[in-house]
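Data block below; observations after.
These numbers come from a predicted model, not from an experiment. First listed ligand is number 1; within each ligand, the first listed atom is number 1.
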Amino acid sequence: MEKVRATSAWVASHSSHVTLDSSGIEKVAEKMKDSIPKVEWDFEGIHYFDNGPLTVQYLFVLDALNFCFWPDKEMSYDHLAAGLKEALLIDKSAFDADRLQKYTGPDLRKMLKWPRPLPLEDERVRLMHEVGFELERSFEGKASKLVESCDKSAAKLVALITSHFPGFRDHTVYKGHQVFLYKRAQIFAADLWGAFKGQGYGEFKDIDSVTMFADYIVPAVLQQLGVLKYSPTLSNIVESNREISSGSEEEVELRACSVHAVEEIRELIHKKSGKQVLSVELDLWLWAFGIQCPSLQYHRTLSIYY
Ligand SMILES: Nc1nc2c(c(CN[C@H]3C=C[C@H](O)[C@@H]3O)cn2[C@@H]2O[C@H](COP(=O)(O)O)[C@@H](O)[C@H]2O)c(=O)[nH]1
């Protein structure tokens with residue numbers, strides 16, 4: 001995760017379309033320095049949880065598919081989380097490694113009770129197959145084995161996931177430099193930590209190394225809070241819902257500057273109050289705030305990474 005932090009900082013210091021506003025950062029840090037409003041991990045009550053390895057399998061499948069809901073106006077993350085939960089409640093073997101490799105688009109649609117093709121449906125199916133195949137090949141078919149082999153280190157978990165599962169390799173090249181964001185790999189570690197309340201499969205001695213998860217909601221929240229400023233051209237593109245291509249300068253800056261901004265907020269809170277807050281906690285608060293704000297205008301990129 002050091003690579004995520006360092007390369008995001010590099011983007012922020014070379015960016016052309018997005019800038020960090022120190023007065024916005026100051027305002028947010030000041031507001032949060034005494035206490036960050038606590039957001040319960042499953043505040044919406046939509047996730048599967050049985051305190052055991054099946055929950056780990058569920059979360060891994062969930063985070064393999066946790067991207068790009070916006071092309072369908074009615075679809076959201078909640079449909080995915082709740083739909084996969086429902087599938088497991090009906091059939092505990094629904095996410096066995098061999099089954100994962102056989103799902104088709106219509107199967108997935110049926111599972112999520114979705115009446116039309118899902119956004120990026122072919123990619124979602126391909127990634128389910130990839131997860132099933134590699135879990136079977138290297139981890140006895142079980143995401144819990146993958147987690148157990150990481151010695152309670154979130155950094156090791158992210159490294160292991162990204163080395164085994166190409167679909168989680170959320171990195172790109174920006175102005176000639178490789179930039180790492182690893183949104184879905186990191187959110188899997190955070191979901192384990194949140195679901196298992198830092199115990200058992202959710203115990204990570206280095207949870208403080210996880211950064212925020214660079215999606216399309218949090219950058220928009222940071223902009224609304226005055227932490228991020230967009231160039232007039234970028235503002236115009238976002239406001240008019242025009243698509244931004246994956247890997248473009250604008251897109252990388254939106255994501256990387258968000259990671260860096262959350263790190264700056266966290267450092268400033270520490271300076272002001274001596275408190276060590278986690279980027280994961282800041283992220284969850286910002287994200288929960290964002291999804292409750294229907295007028296939020298976010299950037300539109302077709303991506304399998306977030
Ligand atoms: N930064 C950040 N991004 C997050 C999440 C989550 C869900 N985490 C939940 C898990 C347990 C807790 O209850 C968490 O709240 C989803 N996303 C991203 O949002 C976007 C979906 O938005 P919409 O189209 O409105 O549903 C999409 O890019 C998705 O990948 C998060 O926590 N942080």
Side-chain angles (χ1 to χ4, degrees), residues 4 8 36-49 55-56 58-85 112 114 118-120 123-124 127 167-168 170 181-198 202 207 210-225 227-228 241 244 246 251 254-263 265-266 278-306:
V4 177
S8 293
I36 301 180
K38 265 269 168 271
V39 180
E40 274 297 311
W41 176 75
D42 188 23
F43 65 97
E44 299 169 291
I46 52 175
H47 296 94
Y48 177 84
F49 186 73
T55 300
V56 182
Y58 163 79
L59 291 174
F60 196 50
V61 173
L62 172 66
D63 285 325
L65 309 181
N66 182 359
F67 56 87
C68 201
F69 302 99
W70 61 266
D72 188 324
K73 278 195 182 61
E74 285 160 43
M75 165 127 283
S76 72
Y77 168 80
D78 298 15
H79 294 108
L80 178 70
L84 297 180
K85 172 186 180 177
L112 302 179
W114 206 247
L118 299 156
L120 303 183
E123 285 299 282
R124 290 189 147 90
L127 292 167
F168 283 86
D170 177 10
L181 293 154
Y182 289 159
K183 185 249 174 188
R184 291 195 285 103
Q186 292 201 82
I187 211 171
F188 174 58
D191 282 342
L192 289 167
W193 180 76
F196 289 91
K197 299 194 186 327
I207 191 68
V210 174
T211 71
M212 63 73 76
F213 318 113
D215 67 339
Y216 49 88
I217 303 287
V218 177
V221 173
L222 291 171
Q223 193 235 0
Q224 200 167 81
L225 294 173
V227 169
L228 296 182
N241 291 332
I244 298 180
S246 176
E251 192 241 3
L254 282 162
R255 302 186 70 206
C257 289
S258 297
V259 171
H260 189 57
V262 169
E263 293 307 307
I265 293 170
R266 153 174 147 141
L278 300 174
S279 299
V280 182
E281 294 173 306
L282 286 170
D283 176 277
L284 188 53
W285 180 78
L286 292 162
W287 187 79
F289 177 86
I291 58 159
Q292 285 158 35
C293 182
S295 62
L296 197 71
Q297 283 214 291
Y298 49 81
H299 72 280
R300 285 158 202 265
T301 296
L302 281 178
S303 172
I304 62 153
Y305 295 132
Y306 64 99

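- Annotation: salt bridge (charged side-chain N to carboxylate O under 4.0 Å, His left out) contacts involving residues 280-306, sequence neighbours excluded, comprise Lys38-Glu281.
- In this structure, the side-chain contact (heavy atoms from CB on, under 4.5 Å) partners of Leu181, at least two apart in sequence or on a different chain, are Ser8, Asp170, Val179, Ala214, Arg255, Ala256, Val259.
- In this model, a donor atom of one side chain and an acceptor atom of the other lie less than 3.5 Å apart for Thr211 and Gln186.
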Distance-only donor-acceptor pairs under 3.5 Å for side chains of residues 291-298, two or more places apart:
{"unit_1": "Gln292", "atom_1": "NE2", "unit_2": "Ala288", "atom_2": "O", "d": "3.3"}
{"unit_1": "Gln297", "atom_1": "NE2", "unit_2": "Glu239", "atom_2": "O", "d": "3.2"}

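- In terms of heavy atoms, Leu80 sits closest to Leu65 at CD2-O, 3.4 Å.
- Under the 3.5 Å distance criterion, the side-chain polar atoms of Tyr305 are left unmatched by any main-chain donor or acceptor of Cys68.
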Which N or O atoms of ligand 1 sit under 3.5 Å from a protein N or O, and how far apart is each pair?
{"unit_1": "ligand 1", "atom_1": "1 (N)", "unit_2": "Phe213", "atom_2": "O", "d": "2.9"}
{"unit_1": "ligand 1", "atom_1": "1 (N)", "unit_2": "Asp283", "atom_2": "OD1", "d": "3.3"}
{"unit_1": "ligand 1", "atom_1": "1 (N)", "unit_2": "Asp283", "atom_2": "OD2", "d": "2.8"}
{"unit_1": "ligand 1", "atom_1": "3 (N)", "unit_2": "Asp215", "atom_2": "OD2", "d": "2.8"}
{"unit_1": "ligand 1", "atom_1": "3 (N)", "unit_2": "Trp287", "atom_2": "NE1", "d": "3.3"}
{"unit_1": "ligand 1", "atom_1": "13 (O)", "unit_2": "Trp41", "atom_2": "O", "d": "2.3"}
{"unit_1": "ligand 1", "atom_1": "17 (N)", "unit_2": "Trp287", "atom_2": "NE1", "d": "3.2"}
{"unit_1": "ligand 1", "atom_1": "19 (O)", "unit_2": "Asp215", "atom_2": "OD2", "d": "3.2"}
{"unit_1": "ligand 1", "atom_1": "19 (O)", "unit_2": "Trp287", "atom_2": "NE1", "d": "2.8"}
{"unit_1": "ligand 1", "atom_1": "24 (O)", "unit_2": "Tyr216", "atom_2": "OH", "d": "2.8"}
{"unit_1": "ligand 1", "atom_1": "26 (O)", "unit_2": "Tyr77", "atom_2": "N", "d": "2.8"}
{"unit_1": "ligand 1", "atom_1": "30 (O)", "unit_2": "Asn66", "atom_2": "O", "d": "3.2"}
{"unit_1": "ligand 1", "atom_1": "30 (O)", "unit_2": "Asn66", "atom_2": "OD1", "d": "2.6"}
{"unit_1": "ligand 1", "atom_1": "30 (O)", "unit_2": "Lys183", "atom_2": "NZ", "d": "2.4"}
{"unit_1": "ligand 1", "atom_1": "33 (N)", "unit_2": "Asp283", "atom_2": "OD1", "d": "2.7"}

